[in-house]
There are 2 protein chains.
Amino acid sequence: MNPTSGNAPDSLLKLENFLCFAIYSTANAVTRAYQPRLAALGLTYPQYLVMVVLWERENQTVKSIGDKLSLDSGTLTPLLKRLESAGLITRRRDTADERQVLIGLTDEGRATRKRAEAIPIAIGQAFGCTLGEAKDLRAELMTVRDNLIAGIDKAK
Amino acid sequence: MNPTSGNAPDSLLKLENFLCFAIYSTANAVTRAYQPRLAALGLTYPQYLVMVVLWERENQTVKSIGDKLSLDSGTLTPLLKRLESAGLITRRRDTADERQVLIGLTDEGRATRKRAEAIPIAIGQAFGCTLGEAKDLRAELMTVRDNLIAGIDKAK
DNA sequence: ACGCATTAAATCGCACACAATTAAATTGTG
DNA sequence: CACAATTTAATTGTGTGCGATTTAATGCGT
């Protein structure tokens with residue numbers, strides 16, 4: 001028996017069986033769901049994630065932020081410049097190691113945290129699952145994610 | 001007790017508790033995992049999804065493809081033009097309804113299907129979970145996705 | 001039949017993602 | 001200490017996603 005729906009020999013190439021499509025499409029839906037709430041703060045979804053990382057700890061390097069979000073400088077550098085233009089963060093070279101750029105928060109960036117606190121609650125409700133289910137799903141996804149990343153790194 | 005990790009009052013704003021980040025980051029990892037295999041076929045991941053939809057049924061409208069993938073014409077029109085330039089699909093106005101554009105497959109587009117059949121198997125292994133676990137995870141994600149989309153539509 | 005709302009694609013602008021490359025600073029090794 | 005390897009950001013180019021608008025075709029109510 002094929003554990004996915006249907007028994008046709010090509011069922012592995014059917015969209016409805018694709019875990020990857022479920023992940024891809026849910027991610028797009030997440031961005032769209034956040035968009036109106038984040039627009040009120042002047043943030044995009046990736047910018048919001050960067051702010052979350054900085055609200056946890058200020059003065060991190062681009063590399064540190066990139067490790068936490070799995071994003072490289074090609075994505076982060078222009079994004080951080082936009083956050084700087086918006087007056088939410090600061091960028092300065094680390095005098096101890098001139099290769100690094102330290103990202104800090106402005107007063108406005110810190111203040112935005114309070115306005116953001118209502119968002120996870122609202123979005124959590126939009127997911128339509130309990131906190132326990134959300135936690136389990138999150139754990140399963142992070143396992144899959146780490147497996148995928150390990151496979152990518154191994155190939156290099 | 002807070003069912004997410006930690007009891008700090010701000011734990012809802014911690015990255016490690018974010019289901020949405022798990023989804024976002026896993027989706028990025030999926031794209032990166034597919035990239036080397038799809039590059040051998042000359043496809044990007046979204047282009048591959050469009051091809052999967054067309055391999056299931058030829059001569060669909062842009063709207064039909066967009067409904068299945070939750071993508072609009074702003075994303076699909078340029079993507080489809082690239083697939084046409086690559087010689088994999090055909091685009092022609094529906095003579096019965098001139099608003100619609102019918103997307104078909106070329107011989108090369110159909111032939112690419114055979115070369116793509118090994119990909120879901122390889123990626124499935126990279127996920128590092130059983131087919132049963134993948135099926136369950138897929139179902140949970142699609143439920144979350146549909147809930148999010150329903151919330152977005154309701155807001156309009 | 002007329003006109004108006006609806007629908008389908010295309011277009012435009014902005015912001016990611018990421019591969020690949022470049023430039024500069026630091027580390028490590030002989 | 002020299003100098004090659006490594007590390008960190010920035011840059012460049014391609015391809016999405018999506019909001020917003022535009023254009024053209026169709027449907028629908030009177």
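Lettering of chains follows the sequences in order, A, B, ..., and the numbering in each one begins at 1.
Phosphate contact (OP1/OP2 of C/dC16, side-chain N/O of A/Lys81, threshold under 4.0 Å): absent. Remark: A/Thr61 is in phosphate contact with D/dA9, judged by side-chain N or O atoms under 4.0 Å from OP1 or OP2. Contact annotation: B/Arg32 side-chain N/O to C/dA17 OP1/OP2 distance is not under 4.0 Å. Considering only side-chain N and O atoms, A/Tyr45 lies nowhere under 4.0 angstrom from the phosphate OP1 or OP2 of C/dA15. Checking the phosphate oxygens (OP1, OP2) of C/dA9, no side-chain nitrogen or oxygen of B/Thr77 falls inside 4.0 Å. Here B/Gln100 does not reach the OP1 or OP2 of D/dA25: none of its side-chain N or O atoms lies under 4.0 Å away. Look at A/Thr75 and you won't find any side-chain N or O under 4.0 angstrom from OP1 or OP2 of C/dA17. The side chain of B/Arg91 contributes no N or O atom lying less than 4.0 Å from OP1 or OP2 of C/dA8. Within the 4.0 Å cut-off from OP1 or OP2 of D/dG15, not a single side-chain nitrogen or oxygen of B/Gln47 is found.
The closest side-chain donor-acceptor pair between A/Arg82 and A/Thr44, if any, does not fall under 3.5 angstrom.
Residue A/Glu98 contributes atom CD, which lies 12 Å from atom P of C/dT27 at whole-angstrom precision. Distance CG (B/Leu71) to P (D/dT16): 10 Å, rounded to an integer number of Å. One interatomic measurement links the two molecules: CG of B/Leu79 to C1' of D/dT14, which rounds to 12 Å at whole-angstrom precision. In this structure, the CG atom of A/Asp94 is 11 Å from the P atom of C/dT27, given to the nearest Å. Atom CG of A/Asp67 is separated from atom P of D/dT8 by 8 Å (rounded to the nearest Å). Following rounding to the nearest Å, A/Ile23 (CD1) and C/dA17 (P) show an atom-to-atom distance of 16 Å. Between the C1' atom of D/dA25 and the CG atom of B/Asp97 lies a distance of 7 Å, rounded to the nearest Å. For the pair A/Arg93 CZ and C/dT26 C1', the computed distance is 13 Å after rounding to whole Å.
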Report task. Please assess A/Lys81 against A/Thr77 for the test side-chain hydrogen bond (donor to acceptor under 3.5 Å, both in side chains), listing each intermediate value before the final yes or no. Result -> CA-CA 6 Å; A/Lys81 285 182 177 174; A/Thr77 296; over 6 Å; no
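In this structure, of C/dC16, D/dG15, D/dG19, it is C/dC16 that holds the atom nearest to the side chain of A/Pro46. Among C/dT26, C/dA8, D/dA9, the nucleotide with an atom closest to any side-chain atom of A/Arg99 is C/dT26. In the set D/dT8, D/dC18, C/dA10, D/dT8 carries the atom at the smallest distance from any side-chain atom of A/Lys63. In this structure, of D/dT16, C/dC16, D/dC18, it is C/dC16 that holds the atom nearest to the side chain of A/Arg82.
Comparing A/Leu102 and A/Tyr24 along DNA chain D, the residue whose closest nucleotide (by nearest heavy atom) sits nearer the 5' end is A/Leu102. Where A/Asp72 and A/Thr31 meet DNA chain D, the nucleotide closest to each residue was compared, and A/Asp72 sits on the side nearer the 5' end.
Applying the 3.5 Å distance criterion, the base of C/dA8 shares no donor-acceptor pair with the side chain of B/Ser73.
Side-chain contact between B/Leu148 and B/Val144 is present, with heavy atoms from C-beta onward closer than 4.5 Å.
Using a 4.0 Å cut-off between charged side-chain N and carboxylate O, A/Glu58 and A/Arg110 make a salt bridge.
Rounding to the nearest 0.5 Å gives a distance of 6.0 Å between OG1 of A/Thr112 and CH2 of A/Trp55. B/Glu108 CD to B/Ile89 CD1: the interatomic distance, rounded to the nearest 0.5 Å, is 12.0 Å.
In a base pair of the Watson-Crick type (N1 to N3 plus N6-O4 or O6-N4) or a G-U wobble (N1-O2 and O6-N3), with each distance short of 3.5 Å, C/dT22 is matched with D/dA9.
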